[in-house]
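The following block contains the structure, expressed as structure tokens.
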Amino acid sequence: MTEEEMRKRLEILKVEHRDLDVAIEALMTASAGDQLQIARLKKRKLRLKDQIAQIEDYLIPDIIA
């Protein structure tokens, strides 16, 4: 995967992460929020966060000062 493809993938993951945040909030405020569905969405959101961190670590190397 080229660096440009990784940057595009990173943006897609970030958008999906934000969308999940909105969906989770909507389900939590609904009076009959499905706890199982909320838990699944939260797990998906955590996986996305891990993928985002992995790509960012690759694109932005640590600089030891």
Side-chain angles (χ1 to χ4, degrees):
M1 189 179 288
T2 67
E3 187 173 324
E4 184 62 31
E5 290 171 334
M6 290 182 88
R7 290 188 189 283
K8 288 178 184 177
R9 177 75 176 141
L10 182 61
E11 280 305 310
I12 291 168
L13 292 174
K14 285 182 177 182
V15 168
E16 188 175 346
H17 188 267
R18 283 190 299 266
D19 290 347
L20 279 174
D21 204 26
V22 172
I24 290 168
E25 184 65 33
L27 281 173
M28 289 176 71
T29 58
S31 59
D34 182 3
Q35 295 302 315
L36 183 59
Q37 182 67 19
I38 291 171
R40 287 179 178 157
L41 291 176
K42 285 183 176 182
K43 280 186 178 182
R44 174 69 182 146
K45 187 178 166 190
L46 285 173
R47 283 193 301 270
L48 287 173
K49 184 177 178 182
D50 289 343
Q51 290 176 355
I52 289 168
Q54 185 179 20
I55 292 173
E56 285 177 339
D57 286 347
Y58 179 81
L59 292 175
I60 306 166
D62 291 337
I63 298 174
I64 301 173

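Just so it is clear, the structure is predicted and the values come from calculations on it, not from any experiment.
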- At what distance, to the nearest 0.5 angstrom, does CD1 of I52 lie from CG of D57? 12.0 Å
- Message: For I60, give me all partners under side chain to side chain contact (heavy atoms under 4.5 Å, CB included), at least two apart in sequence or on another chain.
- Response: none
- Message: As an exercise, state the distance from CG of L59 to CD of Q54, rounded to the nearest 0.5 Å.
- Response: 11.0 Å
Name every donor-acceptor pair, under 3.5 Å, that has one atom in a side chain of residues 7-28 and the other anywhere in the protein, sequence neighbours excluded.
| residue | atom | partner | partner atom | Å |
| --- | --- | --- | --- | --- |
| R7 | NE | E3 | OE2 | 3.4 |
| R7 | NH2 | E3 | OE2 | 2.7 |
| K14 | NZ | E56 | OE2 | 3.3 |
| E16 | OE2 | R44 | NE | 3.3 |
| E16 | OE2 | R44 | NH2 | 2.9 |
| D21 | OD1 | K45 | NZ | 2.7 |

- Query: When clusters are formed by joining ILVMFWY residues with side-chain heavy atoms under 4.5 Å apart, either directly or through shared neighbours, do I55 and L46 land in the same one?
  - Reply: no
- Residue pairs passing the side chain to side chain donor-acceptor pair (under 3.5 Å) test with at least one member in residues 32-42, sequence neighbours excluded, are none
